[in-house]
Number of protein chains: 2
Amino acid sequence: MDSVVAREQALDAAERLFYGRGVQSVGMDDIRGASGVSLKRLYQLFPAKEQLVEAYLERRDARWRQRLAEHVQRHEDPRERLLAVFDWLETWFGEEDFRGCAWINAYGELGATSPRVVAQVRGHKRAFRDYLAELVAGAGLDAGVTGPLFLLAEGAMVTAGITGSTAPAAEAREAARVLLRAG
Amino acid sequence: MDSVVAREQALDAAERLFYGRGVQSVGMDDIRGASGVSLKRLYQLFPAKEQLVEAYLERRDARWRQRLAEHVQRHEDPRERLLAVFDWLETWFGEEDFRGCAWINAYGELGATSPRVVAQVRGHKRAFRDYLAELVAGAGLDAGVTGPLFLLAEGAMVTAGITGSTAPAAEAREAARVLLRAG
DNA sequence: CGACCGAGAGAACGCACGTTCTCCACCGAA
DNA sequence: TTCGGTGGAGAACGTGCGTTCTCTCGGTCG
């Protein structure tokens, strides 16, 4: 059935609007207007707004990690792969609609009131950290460098979002290079 | 007049509630209930909720940076002072009501809709970064290490908030130590 | 052809909340 | 004592929004 199409369209609109303007300032009616999916259908697909938010974060998580992995896999050298993470952050930060990390923003907006959103955010960050750990292991490095690399990446995301600059990615990459050499 | 007292009480309540539950889920009536300051008075002191939010962030910024500086100043050695920043982060993360960085959270919640809040957040982060730069200069280090130290601190704040653990502070401190040695 | 079923448009409902207004009790001055 | 004004409690107002309901219409099956 094309309810799967409607679902995709709803999620497309939700992602664009929630990410761009924040969750709370976007009404279900805005989603309907932007997606062309009627309210009735929206509530059939997602029994409440919170579930739409959850689905938005979930789908974005899958896509985000896949895009990152695709970029990283283009490199052969295991150490280059680690640094490629920061290169990818830079291209992400430079995208026109970049407005910071969707999960960090969602945590700031809903972390105090929605446990389900908190779970999504923790899941996403854990997955990202695990992915870094894989890359670290693949490069034969001490597992202890995973934490610092993760913190550098998180700091870069937050700072790029707040300042609207891509520079934090290069800074983080440079710091990562030093850490890998010294650690 | 004790309008200055009322102002302090209002800001005390605002800080407790806004930080603990997020800005949007706290109503002006909640502020009144928690502060004992009547709505009429609240609106005399702050013409709109947004200005109360602004004042909350501003006062918290002053206090936050003073607490940090006080802790750092207890150390003599300039390099120790830099590391003391991360020690202080750890005690901050361990406070009972810690819910992440108030400015990062505020940016996530209101960054898309309130330019005044964005200005507060940028101002706070710039001040923190400038303070780190001072410490770096005082230790006779290359100014280029300021950025990485800042990113480590930001990453630690965000991660401590999301995971509810103090561990990111120690991780960041250790990474900072390595960077200072290797840079 | 006619009756039913699904879906869309959008009105309606209930509630929350930012902001303002009303009413009244209190207190200092003439 | 009376008058004016200050401030508090809380009702009232307007709006926005999450969610549900109604009405209508097009299509499909008997």
Side-chain angles (χ1 to χ4, degrees), chain A residues 1-57 105-106 108-117 120, chain B residues 1-57 105-106 108-117 120:
Chain A
M1 192 62 61
D2 57 13
S3 83
V4 52
V5 173
R7 191 187 155 88
E8 286 303 294
Q9 285 178 345
L11 286 174
D12 287 345
E15 178 158 7
R16 187 153 24 92
L17 295 176
F18 286 159
Y19 179 68
R21 314 198 330 229
V23 172
Q24 311 213 56
S25 76
V26 172
M28 292 298 277
D29 215 59
D30 297 322
I31 305 277
R32 173 183 98 183
S35 67
V37 177
S38 76
L39 277 183
K40 198 192 229 172
R41 198 103 129 152
L42 273 180
Y43 277 92
Q44 281 171 0
L45 294 164
F46 309 97
K49 188 184 183 185
E50 189 177 19
Q51 328 233 0
L52 178 56
V53 174
E54 226 180 322
Y56 141 62
L57 290 175
N105 290 347
E109 193 173 354
L110 304 166
T113 54
S114 168
R116 311 183 68 152
V117 167
Q120 283 290 329
Chain B
M1 194 59 62
D2 57 11
S3 82
V4 51
V5 173
R7 192 186 153 89
E8 286 303 294
Q9 285 179 344
L11 286 174
D12 287 345
E15 178 158 6
R16 187 153 26 92
L17 295 176
F18 285 159
Y19 179 68
R21 313 199 329 229
V23 171
Q24 311 213 56
S25 76
V26 171
M28 292 298 276
D29 215 60
D30 297 322
I31 304 277
R32 172 183 99 183
S35 67
V37 177
S38 75
L39 275 184
K40 198 192 228 171
R41 198 105 129 157
L42 273 180
Y43 277 92
Q44 281 170 1
L45 295 165
F46 309 97
K49 188 184 183 184
E50 189 178 19
Q51 328 233 359
L52 178 57
V53 175
E54 225 179 322
Y56 141 62
L57 289 175
N105 290 348
E109 193 173 355
L110 304 166
T113 54
S114 167
R116 311 183 69 153
V117 166
Q120 283 290 329

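Each chain gets a letter, A, B and so on, in the order its sequence line appears, and its residues count up from 1.
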_Between B/Leu45 and B/Arg41, is the side chain to side chain contact (heavy atoms under 4.5 Å, CB included) condition met? List the steps._
CA-CA 6 Å; B/Leu45 295 165; B/Arg41 198 105 129 157; 4.2 Å; yes
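A donor-acceptor contact shorter than 3.5 Å links the side chain of B/Ser25 to the backbone of B/Arg21. A donor-acceptor pair is defined here as one N or O able to donate and one able to accept, closer than 3.5 Å; such a pair exists between the side chain of B/Glu109 and the backbone of B/Val23.
At a cut-off of 3.5 angstrom, the base of D/dG8 holds no donor-acceptor pair with the side chain of B/Arg32.
Between A/Leu39 and A/Ile31 the shortest side-chain heavy-atom distance does not fall below 4.5 Å.
Residues of residues 8-22 of chain A that place a heavy atom closer than 4.0 Å to DNA chain C do not occur.
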*Treat primed atoms plus P, OP1 and OP2 as sugar-phosphate and everything else as base, then score nucleotides 12-22 of chain D 5' to 3': B for base contact with protein heavy atoms under 4.0 Å, S for sugar-phosphate contact only, - for none.*
------SBB--
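Pairing each heavy atom of B/Ser114 with each of B/Glu50, the nearest pair is OG-OE2, 2.5 Å. Scanning all heavy atoms of the two residues, the minimum distance from B/Ser35 to B/Ala10 falls at CB-CA, 4.0 Å.
For A/Gln9, the side chain to side chain contact (heavy atoms under 4.5 Å, CB included) criterion is met by A/Val5, A/Val37, not counting sequence neighbours. Listed by chain and residue number, A/Arg116, A/Gln120 satisfy the side chain to side chain contact (heavy atoms under 4.5 Å, CB included) test with A/Glu54 (two or more places apart in sequence, or in another chain).
Screening residues 31-51 of chain B for ring pair (Phe, Tyr, Trp, His ring centres under 6.0 Å), with sequence neighbours left out, gives no hits.
Taken from CD in B/Glu15 to CD in B/Glu8, the straight-line distance is 10.5 Å, to the nearest 0.5 Å.
The C1' atoms of five pairs define one axis at each end of the helix from C/dC1-D/dG30 to C/dA30-D/dT1, and these two axes lie 30° apart (to 10°).
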